[in-house]
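See structure below.
In each ligand, atom 1 is the first atom listed, and ligand 1 is the first ligand listed. Counting from 1, the numbers follow the sequence of the chain as shown.
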Amino acid sequence: MEFSEVCRYFDRIEKVSSRLEMTGILAEMLSKTDSREIGQIIYLSQGTLGPKHLGIEAGIGEGLLVQGIAKATGYPEDEVEKLYKEIGDLGLVAEKLGAKKRQSSLFAEKLTIGKVFSNFTKIAETEGKGSQDSKLKMFAELLNSASGTEAKFISRVPLGNLRLGIGDPTIMDALALNYVEEFLLVKKTRGEIDAVLKEKNEEKRKEEFGRRARQKLREFIESKYNIFSDLGEIAEILKKKGLKGLDELSMQPGTPIRPTLAERLPSAEEIIEKLGMCAVEQKYDGFRLQCHKDGNRIIIFSRQSEDMTPMFPDLVEAIRKQVKAKRIIFEGEALAYNEETQQYFPFQVTIQRKRKYGIKEKAEEFPLRLFAFDIMFLEGKDTMPLPFSKRRETLAKAIGKGETITLTKSIETNDPKKLEEFFLASVENGLEGIIAKDLNAPYTAGARKFAWIKLKRSYKGELSDSVDLAVIGYFKGRGKRTQFGLGGLLTAVYDDESDMFRSVAKIGTGMSEEMLSELESKLSRLSQKGRPARVDSETEPDIWVKPFYVIEVRADEITKSPMHTCGKGKDGTGFALRFPRMIKFREKKPEESTTVKEIIAMFEKQGRVQLQEAETAQEKTQ
Ligand code: AMP
């Protein structure tokens, strides 16, 4: 496909504000591609050059981008810089200057998606001495042949964000749209959907039938994505072999599985009421790691499916020594442990292990312990459908003796008092709380079911939990904060039913001066003119940003509010956080933020503890 055609689609997607339209346009574009191109388009549309776990990056910083734009368009660098300061988006700068180039290009050729992708892949592979010059040359070569619109999107690729608002759910919806006819050729599927629709009138039935069929197919695609986190390859398989090919896709060491997520409940009683006899494990506050072993090859993925292997040589060695299985995928939480005091270090210490340089020294200073808690794959077998109790047994057998990797500390009980005691002891030990686990539940990749329920301490030592919110906008700093360019944030929860972000809080406290500058520099790169396509908010920030960063936030209470759109009903009131304060950045995707449903559930469950807390907080502010 010619790149100009891809850009015409991208342009249309950028302009629409309804997600339904966006999905339709994306589906149309994907239907027109061949199996070689479809993955490339999917990666590029998200500003990446491959699946996240391969971590392929162009490695072109802003400085080099400016140079490239100057070189290709014939404008001096300081003019490019000046324009960038004015409009704040290098893509738009490239578009503007690319449309009125000062020099005609001798070697211009028609760009295809294949050419753009392979140039970027080469750019990403170029390393070492003189690599910056080579990268610059290849990048400028692309711009040379690009029209204004093409230049806009090409320049946004190295920034890792095409600003289209295309997330994984939109891609899966578009694929479902394109393959629903094939899906319905399977007689059984038709029958199953028909069976639930018997009584409706003909027209309504038809409409509902189509909707349900797409939803069912979407669930199937997602179930595959959950065990194989590479939508580019999934789309390629669909193109080549159709749904049958996708059906045959199974998990493989080396490709991350989407992690299961924990629900929350406010008290030990409610947890026992829900689960009965259950496993109760200590909850460690470190990095969640998914460890893959395939013979000699060991790969460690973060919760975000990034390859972290080079950062943790101590864990790689421990896996080699302690894990007897040849092929295995298991999960655990890693944290720094203080050998001298025999206590866990807080998260602020553990996080120092996440680094690109000085890895060896830090590994010696703060060695990690890995607390294994689940197993998904063993010697070619999918262990996810097994009940948790069986998985834990399997995990225990697979991990040999040693200091570095141990199983999480846990008890089994159906007594709220015992659960509470275990919780308090964990907190006293410097841990975050507990996670209770349903002994009979399978591992549900990518889902939040009541198979895991967390109970966390709040910073005051009471039983309230923090929430994770996506940043959707910010307010310029006033007074003392003018110098940072940012004074507060507009944040949102995720509505997983409609793939939308709905506003829930304006946050102006909890940020240190360093955090304010960091936030400004991170967020200004994602700024955009109008409200982003998947955002629903009636509160207008000074600057809108595409949902990308997630922050952890504490609040005293959830209140009803006409200001925010989270859970907004017919009566015009939604939910908001009272006294929200930022704690830290979270390593999560925006789609993994706290959901609208969770906020409503938290509101309903808001027990006396939280109310008391709010009253005390109010007294303090009076
Ligand atoms: P949260 O991020 O607050 O929703 O809590 C869930 C996270 O707790 C998981 O993603 C893990 O990173 C972490 N965690 C710590 N200890 C455990 C454990 N014993 N079992 C499962 N997850 C744990």
Charged tip of K506 within 45° of F475 ring normal and under 6.0 Å: yes

Is the NZ or CZ atom of K522 both under 6.0 Å from the centre of the six-membered ring of F585 and within 45° of that ring's axis? yes

Atom indices of ligand 1, in the order listed, that fall short of 4.0 Å to a heavy atom of R303: 10 (O)

When only distance counts, is E281 in polar contact with ligand 1, meaning an N/O pair under 3.5 Å? yes

In terms of atom number and element, which parts of ligand 1 are under 4.0 angstrom from non-hydrogen atoms of K456? 3 (O)

Side chain, backbone, both or neither: which part of E432 comes within less than 4.0 Å of ligand 1 when only heavy atoms are counted? neither

Ligand-side contact atoms (ligand 1) for residue partner E333, heavy atom cut-off under 4.0 Å: 11 (C), 12 (O), 13 (C), 14 (N), 15 (C)

Report the part of W452 (side chain from C-beta onward, or backbone N, CA, C, O) that has a heavy atom under 4.0 Å from ligand 1; answer both or neither where that applies. side chain

Just jot down the ligand 1 atoms closer than 4.0 angstrom to any heavy atom of T408, in number order. 19 (N)

Which residue from R288, K437, K283, E587 reaches closest to atom 21 (C) of ligand 1 through any of its heavy atoms? K437

Note the single closest protein heavy atom to atom 16 (N) of ligand 1, along with its residue, its atom name and the distance in Å. Y284 N, 3.1 Å

Between H564 and S503, is there a side-chain donor-acceptor contact under 3.5 Å, judged purely by atom types and distance? yes

Below a 4.0 angstrom heavy-atom separation, can you tell me which part of R586, side chain or backbone, both or neither, approaches ligand 1? side chain

Ligand 1 versus F373, non-hydrogen atoms closer than 4.0 Å: side chain, backbone, both, neither? side chain

Taking the six-membered ring for Trp, are F312 and F287 parallel (under 30°), tilted (30 to 60°) or perpendicular (over 60°)? tilted

Does K293 count as lying over the ring of F377, i.e. NZ or CZ under 6.0 Å from the six-ring centre, within 45 degrees of the axis? no

What atoms in ligand 1 come closer than 4.0 Å to a heavy atom of Q282? 16 (N), 18 (C), 19 (N)

So that I know where these two stand, are F366 and F345 an aromatic pair - ring centroids less than 6.0 Å apart? yes

Has R534 got its NZ or CZ under 6.0 Å from the middle of the six-membered ring of F501, at an angle within 45 degrees of the ring axis? no

Show your reasoning for whether side chain to side chain donor-acceptor pair (under 3.5 Å) applies to D374 and Y443. CA-CA 8 Å; D374 223 314; Y443 187 96; over 6 Å; no

Do any nitrogen or oxygen atoms of K454 come within less than 3.5 Å of a nitrogen or oxygen of ligand 1? yes

Does even one non-hydrogen atom of R264 get within less than 4.0 Å of ligand 1? no

Paired with E592, the salt bridge (Lys or Arg N to Asp or Glu O under 4.0 Å) test is passed by just one of R288, R303, R258, R448, namely R303

